J.: 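My questions all concern the structure below.
None of the values given here were measured: they were computed from a predicted structure. Each chain gets a letter, A, B and so on, in the order its sequence line appears, and its residues count up from 1.
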Amino acid sequence: MTIKRLFEEAGRLLSGVGLEGVRIGPPRSPEFGEAFTPYPFEEARRSGGNPLELARDIASKLGRGELIERVEAAPPGYINFYADWRRFSEYTLSEVFRLGAKDYGGSRDGEGRVVLVEHTSVNPNKALHIGHARNVYLGDTVARVLAKAGYRVYVLNYVDDSGAQMASVLLGFLGLGMPMEPPQGIRFDEYCGDHVYVMVTRRLEQDRSLEERLKALAKRIEEKGSEEFKHARLIADRVLSDQLTTCWRLGARYDLLFRESDVVASGLWAKTFNLLLEKGIIYKAMEGENRGCWCVDLSSHPILSKEGDEILVKSDGSTTYVARDIAFALWKLGESDVKINGRQWGQNPDGTPITITEMDSGTPIVIPKPSLVVTVVGSEQKRPQEVVRYVLSRLGVDGERYIHYSYERVSLSPDSAKRLGVEVVEGRAVQMSGRRGIYFKVDEVLDELKKLAAEEVRKRHGDWPREKVEEVAEAIAQGALRYSILRSEAEKAVVFDLGEAMRLEGDTGPYIQYSVARSYRILEKARDKGIEANPTPYGELAREEKLLIRSISFLPLVIETSARTLRLRQLLTHSREMAVNFNEFYERCPVIEGGEAAPFRLALVQGYIIAQTSAMNLTGIPVLREM
RNA sequence: GGGCCCGUGGCCUAGCAUGGAUAGGGCGCCGGCCUCCGGAGCCGGAGGUCCUGGGUUCAAGUCCCAGCGGGCCCGCCA
């Protein structure tokens with residue numbers, strides 16, 4: 001596709017003079033052409049020759065190709081291939097038009113193989129805060145990219161409705177008499193997180209005796225059929241429903257909501273336990289600090305062995321998170337024959353159904369055995385994830401199929417922390433804490449952004465009705481937040497600053513959205529003037545036109561690399577690169593008043609819209625026709 | 001103490017996987033550009049020991065080693 005075809009052609013030219021399998025890559029700057037090879041350096045090392053002379057010698061033997069106009073040797077020893085812009089432009093644009101936004105940049109690399117992506121997985125006792133947004137954005141974007149690359153992607157959200165956090169809110173309702181209904185105007189998930197959870201934590205600090213009640217509750221939650229089990233489900237379902245409203249605002253979609261309580265309730269854990277016992281992977285500690293617990297023997301693990309064995313079943317008989325996660329991992333990988341039942345919970349904004357696990361009344365959930373399971377979890381959980389992977393390997397499951405997509409956490413800038421009334425140590429970022437109420441909720445940040453965007457929209461479109469302003473402002477807010485969070489690579493810690501996130505200019509989502517809105521305006525004007533698009537260049541192209549074609553043609557390559565490496569940053573960068581190239585083109589190359597250039601430029605604008613829409617559909621930044 | 005991650009102008013950030021040509025952007029600052037397809041834009045300027053020191057290499061921001069600084073993990077929490 002597009003630039004790859006030019007690479008292939010460069011390869012053919014080289015093999016024509018007897019050089020096979022030469023590495024060809026994208027040059028870092030347009031002045032070095034559209035493809036290059038450092039081959040002369042490699043050859044010079046082998047033969048002891050001079051790289052530049054070798055490059056000149058080879059380049060002089062290479063003729064032009066169909067899309068390649070000329071080949072040049074460049075000091076200190078590169079061979080650069082330059083596009084024949086007339087043909088390359090026409091070829092690129094016709095490919096873009098042929099494929100459309102849905103398929104441009106897509107591939108069949110995945111060959112229909114199944115991939116499971118688990119993300120979000122927020123405890124159902126609170127509203128999503130800005131740190132959770134990073135998980136959702138990363139997971140959702142990975143899912144989009146893999147789908148584009150031809151994989152069949154299933155998206156899972158693990159609903160952690162058992163365990164301590166759930167028990168905490170339950171204690172608030174059952175033990176401390178907090179009302180089940182939130183005050184007027186407050187969403188249930190916010191109520192649980194902002195009020196109940198924070199209150200329970202405070203009471204626990206004051207009254208140690210509550211600890212015992214909490215532990216008892218945590219255990220009772222695991223007992224299917226108990227009052228506590230049912231009550232926890234009720235709360236979890238209500239919170240989940242609110243959380244998903246937020247997730248949809250973030251652009252995510254799901255296929256399956258897997259309740260953690262069903263790992264135990266379905267017998268999946270029991271079966272996994274027996275398997276681990278049979279294989280001699282776990283043992284019951286009879287003495288020492290783990291007395292009475294079932295543990296994984298980690299003594300043969302090179303690193304984990306230094307930190308002692310991992311407890312799976314506590315001395316009171318309840319399971320730990322790692323235990324449930326091992327069982328769940330086996331199921332996700334298609335390595336367990338335990339049937340999990342489900343029923344339809346609702347549907348995504350795109351109309352696709354969402355299933356939720358439901359052991360009693362549901363029907364068996366069928367997911368083909370995946371070739372890959374990607375779990376998006378914070379880097380602080382690297383150790384437990386490594387334990388899971390280790391146990392899998394002991395069970396003979398290929399660990400390569402189980403990927404922990406790790407990301408560093410989001411903390412708050414000193415300025416933003418101060419807004420929450422938190423004491424700040426001189427210039428240090430502050431860790432968010434659900435328990436202590438130190439966080440920004442996703443919805444409050446989006447609402448602030450929306451307000452700001454709405455002001456800007458009104459400045460430009462005083463005549464728009466309120467609903468239209470709202471709709472557009474919402475899309476701008478979504479694009480701005482998504483871009484600002486996805487902007488940093490996953491392994492880089494992010495310091496969230498409200499002021500910084502509120503920017504709508506510069507290196508932001510709205511910058512990209514704006515370039516597309518401008519494009520649509522040109523299309524409208526061209527239609528009024530009766531200009532017909534034509535992908536055949538009118539003559540020698542302007543620099544800005546070449547650069548725009550160039551970045552459009554590179555998009556498929558970037559998407560392919562993203563799908564292979566699961567690094568998303570380069571996709572964002574390239575999407576922005578195309579927008580920059582478009583804005584420069586916009587400034588220098590008039591379309592409507594372009595005279596003989598008008599038909600070609602119009603085609604270029606159309607091509608830009610298609611390519612950029614394709615990119616934005618992957619990065620999840622909403623496309624706007626006007627803003 | 002052991003393990004993982006990060007360290008690029010005042011601030012934020014790309015490039016590191018696959019070493020390659022003058023280290024790209026953005027914010028902020030200074031100066032320009034709307035009778036001309038939307039100024040959420042464009043053009044120009046100032047600002048850099050790519051944390052430090054070694055090593056590998058024809059070539060290191062990129063790979064290796066050591067150190068320094070910051071974050072995270074090492075719980076019968078998740």
Side-chain angles (χ1 to χ4, degrees), chain A residues 23 25 27-29 31-32 36 38 41 44-45 50-51 74-78 80 121 123 160 162-166 215 218 260 285 289-295 303-304 306-308 311-316 318 320-322 324-325 378-384 386 406-409 411 428-429 431 453 456-457 459-461 476 480 487-495 497 499-500 503-508 510-511 513-515 517-519 521-526 529 561 564-565 567 569-570 572-573 576-577 580 583-584 586-594 601-602 605 626-627:
Chain A
R23 189 156 57 95
R28 43 184 292 280
S29 158
E31 66 179 292
F32 305 128
F36 88 104
F41 293 102
R45 182 174 48 219
N50 178 317
Y78 301 95
N80 296 330
S121 307
N123 283 311
D160 191 353
S162 43
Q165 296 208 19
M166 196 64 236
K215 267 194 180 165
E260 191 181 52
E289 53 184 8
N290 293 345
R291 191 158 48 122
C293 301
W294 286 91
C295 306
I303 293 156
L304 296 177
K306 294 174 190 167
E307 297 173 358
I311 295 167
L312 296 191
V313 181
K314 304 177 204 168
S315 56
D316 69 356
S318 62
T320 62
Y321 152 79
V322 173
R324 299 188 290 262
D325 216 33
S379 69
E380 69 275 6
Q381 291 195 40
K382 265 196 176 159
R383 190 197 126 87
E386 181 56 31
S406 164
Y407 62 95
E408 292 295 320
R409 66 167 73 199
S411 55
R428 290 275 172 100
Q431 294 302 337
E456 294 297 319
V457 172
K459 270 188 218 161
R460 283 151 242 242
H461 308 280
I476 293 170
R487 215 167 148 253
S488 317
E489 274 290 1
E491 59 269 15
K492 228 155 181 167
V494 166
V495 178
D497 183 85
E500 175 75 16
R503 281 179 30 238
L504 302 175
E505 293 172 10
D507 189 9
T508 64
Y511 176 95
Q513 292 174 311
Y514 181 62
S515 71
R518 279 177 144 184
S519 308
R521 201 49 187 260
I522 295 175
L523 257 47
E524 263 176 44
K525 288 261 158 79
K529 297 261 181 178
T561 312
R564 205 174 53 242
T565 63
R567 283 164 185 256
R569 175 58 228 201
Q570 54 190 321
L572 272 262
T573 307
R576 180 166 203 282
E577 176 81 16
V580 168
N583 277 334
E584 286 167 3
Y586 181 93
E587 214 66 36
R588 297 268 177 69
C589 306
V591 177
I592 306 303
E593 304 298 327
R601 288 179 178 169
L602 182 59
V605 172
E626 5 176 32
M627 63 188 275

J.: Pick base, sugar-phosphate or nothing for A:Arg409, based on heavy-atom distances below 4.0 Å to the nucleic acid.
T.: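 Answer is sugar-phosphate: A:Arg409 comes under 4.0 Å of backbone atoms only.
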J.: Of the nucleotides B:G70, B:G38, B:G41, which one has an atom closest to the side chain of A:Arg428?
T.: B:G70
J.: With a non-hydrogen cut-off below 4.0 angstrom, is A:Arg503 in contact with a base, only sugar-phosphate, or nothing?
T.: sugar-phosphate
J.: Look through every strand shown and name the nucleotide pairing with B:C63 as Watson-Crick or G-U wobble, where both distances are under 3.5 Å.
T.: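 Across any shown strand, B:C63 pairs with B:G55.
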J.: B:G38, B:C42, B:U13: which one has an atom nearest the side-chain heavy atoms of A:Tyr514?
T.: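 Of B:G38, B:C42, B:U13, B:G38 is nearest to the side chain of A:Tyr514.
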J.: Searching all strands shown, indicate the nucleotide that pairs with B:C4 (Watson-Crick or G-U wobble; both distances under 3.5 Å).
T.: B:G71
J.: What is the separation between atom CZ on A:Arg567 and atom C1' on B:U62, rounded to the nearest whole Å?
T.: 12 Å
J.: Is any side-chain N or O of A:Lys459 closer than 4.0 Å to OP1 or OP2 of B:G39?
T.: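 No, outside the criterion.
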J.: Does the structure show a Watson-Crick or G-U wobble partner for B:C37, both distances under 3.5 Å? Name it, or say none.
T.: none
J.: Which part of the nucleic acid, if any, lies within contact of A:Pro38, taking any heavy atom under 4.0 Å across all strands shown: a base, the sugar-phosphate backbone alone, or nothing?
T.: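 Touches a base.
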J.: Could you give the NZ-to-C1' distance, from A:Lys215 to B:C76, as a whole number of Å?
T.: 7 Å
J.: Once you round to the nearest 0.5 Å, how far does CG of A:Leu312 lie from OG of A:Ser318?
T.: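 Interatomic distance, A:Leu312 CG to A:Ser318 OG, rounded to 0.5 Å: 11.5 Å.
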J.: Is the base of B:C27 syn or anti, where syn means the angle lies within 90° of 0?
T.: anti
J.: Work out how far the P atom of B:C65 is from that of B:A23, and round it to whole angstrom.
T.: 28 Å
J.: Rounding to the closest angstrom, what is the interatomic distance between B:G7 and B:U13 at atom C1'?
T.: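 13 Å, rounded to whole Å.
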J.: If you compare every side-chain N and O of A:Lys314 against the phosphate oxygens of B:G75 (OP1, OP2), does one of them come in below 4.0 Å?
T.: no
J.: When we call it a touch if two heavy atoms are under 4.0 Å apart, what does A:Arg383 touch: a base, just sugar-phosphate, or nothing?
T.: sugar-phosphate
J.: Distance check, C1' atoms only: B:G61 and B:U49, in whole angstrom units.
T.: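 One C1' to the other, the span is 13 Å.
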J.: Assuming nearest nucleotide by heavy-atom distance, tell me which of A:Gly292 and A:Arg576 is located more 5' along RNA chain B.
T.: A:Arg576
J.: Can you tell me how far apart CD1 (A:Ile522) and CG (A:Leu602) are? Round to the nearest 0.5 Å.
T.: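 The CG atom of A:Leu602 is 8.5 Å from CD1 of A:Ile522, to the nearest 0.5 Å.
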J.: For nucleotides B:C50 and B:A14, find the distance between their C1' atoms and express it as a whole number of Å.
T.: 12 Å
J.: So how far is it from A:Glu626 CD to A:Glu524 CD, rounded to the nearest 0.5 Å?
T.: 6.5 Å
J.: Looking only at N and O atoms, is any donor in the side chain of A:Thr320 or the base of B:C76 less than 3.5 Å from an acceptor on the other one?
T.: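 For A:Thr320, whose side chain was compared with the base of B:C76, there is no donor-acceptor pair (under 3.5 Å).
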J.: If every non-hydrogen atom of A:Phe36 is compared with every non-hydrogen atom of A:Asn80, which pair is closest and at what distance?
T.: CB-OD1, 3.2 Å
J.: Nearest 0.5 Å, what's the CZ-OG distance between A:Arg428 and A:Ser411?
T.: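 If we round to the nearest 0.5 Å, A:Arg428:CZ and A:Ser411:OG are 11.5 Å apart.
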J.: Got a donor-acceptor pair under 3.5 Å from the side chain of A:Glu577 to the base of B:G25?
T.: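 For A:Glu577, whose side chain was compared with the base of B:G25, there is no donor-acceptor pair (under 3.5 Å).
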J.: Let's see if you can work this out: which of B:A21, B:C6, B:G41 has an atom nearest to the side-chain heavy atoms of A:Ala74?
T.: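 When the side chain of A:Ala74 is considered, B:A21 is the closest of B:A21, B:C6, B:G41.
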J.: Of all the nucleotides listed (B:A40, B:A21, B:C37), which has the minimum atom distance to the side chain of A:Pro27?
T.: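 Nearest to the side chain of A:Pro27 among the choices is B:A21.
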J.: What integer number of Å spans the C1' atoms of B:C68 and B:C11?
T.: 22 Å
J.: Report the distance from atom CZ of A:Arg518 to atom CG of A:Leu523, rounding to the nearest 0.5 Å.
T.: 15.0 Å
J.: Count the heavy atoms belonging to other residues, nucleotides or ligands that lie under 6.0 Å from CD of A:Glu593, then report whether that count exceeds 12.
T.: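 Check fails, neighbour count at 12 or below.
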J.: Starting at CE of A:Met166, measure out to CG of A:Asn123 and round the result to the nearest 0.5 Å.
T.: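 Separation between the atoms: 9.0 Å.
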J.: Within the pair A:Lys492 and B:G71, is there a side-chain N or O less than 4.0 Å away from OP1 or OP2?
T.: no
J.: For a quick check of understanding: with a heavy-atom distance under 4.0 Å over all strands, which category does A:Pro384 fall into, base, sugar-phosphate or nothing?
T.: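 Result for A:Pro384 = base.
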J.: Do the side-chain N and O atoms of A:Asn583 and A:Tyr511 include a donor-acceptor pair separated by under 3.5 angstrom?
T.: yes
J.: In whole Å, measure the gap between the P atoms of B:A46 and B:C64 for me.
T.: 36 Å
J.: According to salt bridge (charged side-chain N to carboxylate O under 4.0 Å, His left out), who are the partners of A:Glu456, at least two apart in sequence or on a separate chain?
T.: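 A:Lys459, A:Arg460.
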J.: Any base atoms under 4.0 Å from A:Ile476, or only sugar-phosphate, or nothing? Heavy atoms, all strands.
T.: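 Touches a base.
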J.: Considering only side-chain heavy atoms of A:Glu584, which listed nucleotide, B:C43, B:G41, B:C76, is closest?
T.: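 When the side chain of A:Glu584 is considered, B:C43 is the closest of B:C43, B:G41, B:C76.
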J.: Under 4.0 Å between any heavy atoms, over every strand shown, what does A:Gln165 touch: base, sugar-phosphate, or nothing? Just pick one.
T.: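 Contact class for A:Gln165: none.
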J.: If you only use heavy atoms from C-beta on, which nucleotide in B:A21, B:G3, B:A40 is closest to the side chain of A:Ile303?
T.: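 Side chain of A:Ile303 sits closest to B:G3.
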J.: Quick check on RNA chain B: between A:Arg569 and A:Asn123, whose nearest nucleotide comes earlier from the 5' end?
T.: A:Arg569
J.: Let's test your reading of the model: under 3.5 Å, does the base of B:A40 pair with the side chain of A:Arg460 as donor and acceptor?
T.: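 Present.
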J.: Please give the distance between the C1' atoms of B:C33 and B:G38 as a whole number of Å.
T.: 15 Å
J.: Under 4.0 angstrom, heavy atoms only, what part of the nucleic acid is A:Phe41 near: base, sugar-phosphate, or nothing?
T.: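 The residue A:Phe41 makes base contact.
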J.: Looking only at side-chain atoms of A:Cys293, point me to the closest of B:C73, B:C76, B:C37.
T.: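 Minimum distance to the A:Cys293 side chain belongs to B:C76.
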J.: May I have the distance from A:Tyr407 (atom OH) to B:C5 (atom P), rounded to whole angstrom?
T.: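 Distance, rounded to whole Å: 18 Å.
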J.: Looking only at side-chain atoms of A:Tyr586, point me to the closest of B:C42, B:G70, B:G38.
T.: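 Taking heavy atoms from C-beta onward, the closest nucleotide is B:G38.
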J.: I need the CD-P distance between A:Glu491 and B:C5, as an integer number of Å.
T.: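 For the pair A:Glu491 CD and B:C5 P, the rounded distance is 9 Å.
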J.: Check whether any side-chain nitrogen or oxygen of A:Arg518 sits under 4.0 Å from OP1 or OP2 of B:A40, and answer yes or no.
T.: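 Looking at the OP1 and OP2 atoms of B:A40, neither is under 4.0 Å from any side-chain N or O of A:Arg518.
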J.: What is the distance, to the nearest angstrom, from the CG atom on A:Asp325 to the P atom on B:A78?
T.: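 Atom CG in A:Asp325 sits about 11 Å away from atom P in B:A78.
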J.: Provide, to the nearest angstrom, the distance between the NZ atom belonging to A:Lys382 and the C1' atom belonging to B:G3.
T.: 10 Å
J.: Find the distance A:Glu289:CD to B:C76:P and express it as a whole number of Å.
T.: 7 Å
J.: State which of B:A78, B:A14, B:G41 makes the closest approach to the side chain of A:Gln381.
T.: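 Per side-chain heavy atoms of A:Gln381, the pick is B:A78.
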J.: Could you work out which one of B:G41, B:U13, B:A78 sits closest to the side chain of A:Arg324?
T.: B:A78
J.: What integer distance in Å separates A:Glu626:CD from B:G41:P?
T.: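 After rounding, the gap between these two atoms is 18 Å.
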J.: Measure distances between side-chain N and O atoms of A:Asn80 and base N and O atoms of B:A21, and say whether any donor-acceptor pair falls under 3.5 Å.
T.: yes
J.: Does A:Val494 reach a base, just sugar-phosphate, or nothing at all? Heavy atoms under 4.0 Å.
T.: nothing
J.: Write down the partner of B:C42 under the Watson-Crick or G-U wobble criteria, each distance required to be under 3.5 Å.
T.: B:G32
J.: In whole Å, measure the gap between the P atoms of B:C43 and B:G48 for me.
T.: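 Between the two P atoms, the distance is 23 Å.
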